[in-house]
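To keep things clear, I will list the structure first and then write my remarks on it.
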Protein chains: 2
Amino acid sequence: MSEKRKQIIEAAAKSFSLFGYKATTMDQVAKMANVGKGTIYTFFKSKEELLEEIVSSIISEIKREADVAIDQRLSFNENVQRALQRIFTFRKEHELTIKLLQEVRDIGTPAVRDVMKRLDREMIAYVREKIEEAMTKGEIRSCDAELTAFLMFKMYIALNVDWEKEHEPLSQQKIAELFHLYLLKGLSR
Amino acid sequence: MSEKRKQIIEAAAKSFSLFGYKATTMDQVAKMANVGKGTIYTFFKSKEELLEEIVSSIISEIKREADVAIDQRLSFNENVQRALQRIFTFRKEHELTIKLLQEVRDIGTPAVRDVMKRLDREMIAYVREKIEEAMTKGEIRSCDAELTAFLMFKMYIALNVDWEKEHEPLSQQKIAELFHLYLLKGLSR
DNA sequence: ATTTTGACTAAATGAACATTTTGGTCATTT
DNA sequence: AAATGACCAAAATGTTCATTTAGTCAAAAT
């Protein structure tokens with residue numbers, strides 16, 4: 001890949017995570033990347049496409065990390081748990097995702113809202129794949145994979161994000177226990 | 001209770017559900033209630049308190065309806081299910097809650113946001129009571145009642161509200177099945 | 001020839017100001 | 001004693017205008 005393209009992505013990612021999407025200007029990005037503004041537009045057709053590209057690579061990165069957390073020797077329950085934990089730890093600790101989620105909450109920039117929705121959709125699709133694999137292997141009983149992935153994801157959001165709004169945060173240990181107790185018991189055979 | 005007070009509440013409830021909280025003026029309410037504007041302030045110290053009063057009575061109404069849905073001869077699982085179903089059916093069909101939830105989504109009026117949050121909290125508290133009762137009676141095994149009520153409520157929101165944003169709505173029948181399959185299996189003894 | 005650039009433009013933004021609306025009060029009426 | 005609506009301060013809304021910014025393109029650099 002072109003060296004300039006890399007510089008642009010790096011500069012934009014840095015600026016987005018520092019100031020947010022809306023507050024980042026293309027002049028800013030050009031300056032940080034040591035590139036003329038026009039050059040950006042030879043690689044990306046708009047500011048929005050630049051954001052999409054960056055979020056796409058975040059999605060890949062999260063999937064890669066979740067994959068690493070999975071250990072074929074462990075059960076499906078263990079693994080789906082570990083994968084979700086990685087996904088949400090990333091979300092909680094990654095500068096850029098933090099900033100972008102803040103921006104959606106505080107000013108609701110439409111482009112950012114859309115792109116974070118896609119991130120959620122892709123995470124659900126990832127979990128869905130794992131569920132389908134486990135079903136094929138007969139590790140879990142048959143179920144609607146999309147619906148199950150959706151519920152697992154929503155439950156993790158509830159435990160990791162929503163609960164903290166009005167209570168003491170739950171430890172990852174506790175979340176794992178609850179997830180197991182409430183969601184997995186019904187699924188395992 | 002004073003006749004005028006009743007007229008005011010009725011007029012305000014009607015106007016809120018017709019035009020929303022923000023778009024309703026106190027002059028409007030006074031006119032609809034056939035009352036001088038000053039009279040409103042002998043019963044309510046602000047527009048916000050008027051809203052709070054109305055939402056409080058909605059909360060009572062929902063609890064009453066949920067109570068009616070509960071049948072002591074049925075199991076805890078059946079009953080918590082039926083109660084939650086009533087709560088969400090109300091939420092979906094009651095003009096005023098629909099309008100207020102729209103207003104929070106579309107313009108985020110702070111007073112309305114706060115009051116709808118309270119409604120959610122009170123519904124969780126209601127479910128929590130039912131869980132504590134069942135625990136006392138030994139109908140279900142011991143658990144953190146607040147956390148369990150919270151998860152049940154979040155799961156119902158996921159199934160009733162969030163799922164429909166990107167998929168075909170689920171029937172109440174299907175929701176009941178899923179709730180049973182995923183959440184209750186792990187709780188029953 | 002191809003890539004890179006930054007001055008340029010049309011549109012968006014927001015600061016500053018004028019105008020209107022509205023929540024809440026209170027002297028007066030009933 | 002209860003009810004009212006004219007009144008007021010403050011907030012919301014509309015308007016204007018200068019500034020900013022996403023995106024373009026003719027020219028410069030390679």
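All values below were derived from every heavy atom in this structure, side-chain atoms included, with hydrogens, water molecules and symmetry-related copies excluded. Just so it is clear: chains get the letters A, B, ... in the order the sequence lines come, proteins before strands, and each one is counted from 1. Every value quoted in this text rests on a predicted model; they were computed, and no experiment measured them.
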Out of [options], whichever nucleotide has its closest atom nearest the side chain of [X]:
| X | options | answer |
| --- | --- | --- |
| B/Tyr41 | D/dG23, D/dA22, C/dT25 | C/dT25 |
| A/Lys22 | D/dG23, C/dT5, C/dG14 | C/dG14 |
| B/Thr25 | C/dG23, C/dT5, C/dG14 | C/dG23 |

Can you tell me how far [atom2] of [N] sits from [atom1] of [X], to the nearest Å?
| X | N | atom1 | atom2 | answer |
| --- | --- | --- | --- | --- |
| A/Lys37 | D/dT21 | NZ | P | 10 Å |
| A/Ile107 | C/dG14 | CD1 | P | 9 Å |
| A/Asp27 | C/dA7 | CG | C1' | 11 Å |
| B/Asn34 | D/dA2 | CG | P | 21 Å |
| B/Glu48 | C/dT22 | CD | P | 18 Å |
| B/Phe19 | C/dT21 | CZ | P | 17 Å |
| B/Met26 | D/dA11 | CE | C1' | 15 Å |
| A/Phe44 | D/dT24 | CZ | P | 15 Å |

For the base of [N], is there a side-chain donor-acceptor partner from [X] under 3.5 Å away?
| X | N | answer |
| --- | --- | --- |
| B/Lys4 | D/dA2 | no |
| B/Lys47 | C/dG24 | no |
| A/Lys45 | D/dG23 | no |

| request: Determine, for A/Glu95 against A/Lys99, whether the closest basic-nitrogen to carboxylate-oxygen distance falls under 4.0 angstrom. | output: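 No, A/Glu95 and A/Lys99 are not salt-bridged.
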| said: Suppose we call two aromatic rings close when their centres sit under 6.0 Å apart. Are B/Tyr126 and B/Phe153 close by that rule? | reply: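 No.
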| Residue pair B/Phe90 / B/Thr97: nearest heavy atoms and the distance that separates them |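 Heavy-atom minimum between the residues: O-OG1, 3.9 Å.
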| task | Answer whether the closest heavy-atom distance between the side chains of B/Thr89 and B/Gln85 falls below 4.5 Å. | result |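 Yes, their side chains come closer than 4.5 Å.
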| task | Please assess A/Phe44 against A/Arg5 for the test side chain to side chain contact (heavy atoms under 4.5 Å, CB included), listing each intermediate value before the final yes or no. | result | CA-CA 9 Å; A/Phe44 306 95; A/Arg5 192 186 144 95; 3.8 Å; yes
| task | May I ask you to verify if any side-chain N or O of A/Thr39 is less than 4.0 angstrom from the OP1 or OP2 atom of C/dT5? | result |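 Yes, because at least one side-chain N or O of A/Thr39 sits under 4.0 Å from OP1 or OP2 of C/dT5.
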